[in-house]
Amino acid sequence: MIDLVESSIVQADAFRLDVFSGLAQPHKTLPSRWLYDDRGCELFEDITRVKEYYPTVTEKAILRERSAEIAEFCGPGVTLIEYGAGAGIKTEIVLDALTRPNGYVPIDIAGEFLLATAQRMAKEFPSLTTWPVVADFTSNFLLPPSLPTGNRVGFFPGSTLGNLDKEQARAFLRRMHQHVGEGGRAIIGIDLIKDLRRLLPAYDDVMGVTAEFNLNYLKRINRELRGTFPVDRFEHEARWNAEDKAVEMHLVSLDSRSVTVGAHAFLFDAGETIHTESSRKYDVPSIRKLATSTGWKLDHVWTDKYSLFAVVGLSAIDL
């Protein structure tokens, strides 16, 4: 069974407002969530397969190797709620390991991509009720009213928590707490702080897939908002922000120009950038501090032998 909850008109308005306001700032910035249209989702799945991008292969290995422990932590008969579901590849590992899972709620901003994932999951797990929800998980949204109450587990793999700033991360974890309820649990992927020689190439692969993913933002603006970005005159750049402990993705203008988006004009200097994403890195003390401040207890930290990545298990406590 599949119920699709769609909010495409609201999302289109939000995208337009975010682009107009972000490009009007002295330091131009665009929210990373709009990287993930259907094409962006496809390109991100390609990124997860390039040799430099260690998070996906490392996290999948952790989920496989610790699947029995993760299933025991979640318990039987749970409803799995996944935020930013994408293709749901890692979700299959978890669902396979769980004891009699009761339901699956994939949440994503890209509607067609999400529906394809939900249909595939319904086919692979025919006894599992699937409720896909098209929504921006960084904003408030409602879960399907037919969703069983209690025994819920939030699933947030892929180190996407690092794309949120401190206040956004706290707001997200509080929202997840509301969704799973008291006594609920969460499984979250966390990218750990490491040597920049390993870190930066993961966001600037030699095949240029990450660059194409970033530049697709401009193509989306051109297509959906009547933009005039000359995509070939912008260049992808990944840089380290030591203060924020984050890899930043930027789009660099190669020359001075004026670009219009709808009826709005925006001026660019040569070398000026649009900041499109930050990927913040954590260590275990900072994860514990963030969890405790948002109503969670850090119960488990599962990691690889090189401590590149961690999968953490959280239990919801009173806020």
Side-chain angles (χ1 to χ4, degrees), residues 32-33 35-36 40-41 43-50 53-71 73-74 78-98 101 103-110 113-114 117-118 120-121 124-125 128 130 132-133 135-138 152-164 168-169 172-173 175-177 179-180 184-192 202-203 277 279-282 284 287 290-291 296 298-304 307-315:
S32 61
R33 62 181 175 273
L35 285 161
Y36 297 90
C41 289
L43 287 167
F44 183 73
E45 291 306 316
D46 291 339
I47 289 172
T48 66
R49 291 186 283 271
V50 302
Y53 196 75
Y54 63 86
T56 298
V57 65
T58 307
E59 184 178 29
K60 286 168 68 175
I62 294 169
L63 291 172
R64 287 194 184 98
E65 291 168 6
R66 303 302 187 99
S67 60
E69 296 172 47
I70 292 170
F73 170 69
C74 292
V78 302
T79 299
L80 191 72
I81 304 171
E82 182 175 14
Y83 301 82
I89 303 302
K90 284 169 273 194
T91 320
E92 295 179 28
I93 301 171
V94 175
L95 288 173
D96 269 331
L98 291 175
Y104 173 52
V105 186
I107 301 159
D108 207 285
I109 202 167
F113 198 83
L114 173 66
T117 296
R120 193 187 80 251
M121 289 295 193
E124 294 187 14
F125 301 92
L128 192 69
T130 303
V133 176
D136 171 12
F137 62 76
T138 66
R152 296 177 177 180
V153 175
F155 185 45
F156 196 39
S159 74
T160 310
L161 187 69
N163 296 144
L164 311 179
Q168 290 171 329
F172 170 78
L173 288 174
R175 187 176 303 113
M176 182 188 281
H177 190 289
H179 287 166
V180 303
R185 293 164 298 286
I187 303 294
I188 300 178
I190 305 286
D191 198 9
L192 300 175
Y203 296 84
E277 184 178 73
S279 186
R280 293 165 184 82
K281 309 305 171 186
Y282 288 85
V284 173
I287 297 167
L290 176 61
W296 297 91
L298 179 61
D299 282 326
H300 294 280
V301 178
W302 297 286
T303 189
D304 61 285
S307 295
L308 298 176
F309 198 92
V311 174
V312 301
L314 307 180
S315 295

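Worth saying up front: this structure is predicted, and the values here are computed from it rather than measured.
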If every non-hydrogen atom of [X] is compared with every non-hydrogen atom of [Y], which pair is closest and at what distance?
{"X": "Val180", "Y": "Gly154", "answer": "CG1-N, 3.6 Å"}
{"X": "Ala202", "Y": "Tyr53", "answer": "O-CD1, 3.2 Å"}
{"X": "Val312", "Y": "Trp302", "answer": "C-CZ3, 4.1 Å"}
{"X": "Ser307", "Y": "Leu192", "answer": "O-CD1, 3.4 Å"}
{"X": "Cys74", "Y": "Val78", "answer": "O-CG1, 3.3 Å"}
{"X": "Ala71", "Y": "Ala97", "answer": "CB-O, 3.3 Å"}

Is the shortest side-chain heavy-atom distance between [X] and [Y] below 4.5 Å?
{"X": "Pro157", "Y": "Ile187", "answer": "no"}
{"X": "Leu290", "Y": "Leu161", "answer": "yes"}
{"X": "Leu314", "Y": "Phe156", "answer": "no"}
{"X": "Glu92", "Y": "Glu124", "answer": "yes"}
{"X": "Phe113", "Y": "Asp108", "answer": "no"}
{"X": "Val284", "Y": "Thr303", "answer": "no"}
{"X": "Glu65", "Y": "Asp304", "answer": "no"}
{"X": "Ser159", "Y": "Tyr282", "answer": "no"}

Rounded at 0.5 Å granularity, tell me how far [atom1] in [X] sits from [atom2] in [Y].
{"X": "His177", "Y": "Phe172", "atom1": "NE2", "atom2": "CZ", "result": "13.0 Å"}
{"X": "Leu128", "Y": "Met121", "atom1": "CG", "atom2": "CE", "result": "9.0 Å"}
{"X": "Thr91", "Y": "Asp96", "atom1": "OG1", "atom2": "CG", "result": "11.0 Å"}
{"X": "Ile190", "Y": "Glu59", "atom1": "CD1", "atom2": "CD", "result": "9.5 Å"}
{"X": "Phe155", "Y": "Met176", "atom1": "CZ", "atom2": "CE", "result": "10.0 Å"}
{"X": "Leu63", "Y": "Ile70", "atom1": "CG", "atom2": "CD1", "result": "5.0 Å"}

His179 and Tyr83 aromatic ring geometry - parallel, tilted or perpendicular at 30°/60° bounds: parallel
Do any N or O atoms from the side chain of [X] and from the backbone of [Y] form a donor-acceptor pair under 3.5 angstrom?
{"X": "Arg152", "Y": "Gly184", "result": "no"}
{"X": "Ser279", "Y": "Gly162", "result": "no"}
{"X": "Thr58", "Y": "Pro55", "result": "no"}

Glu82 with Lys90: basic N within carboxylate O range, under 4.0 Å: no
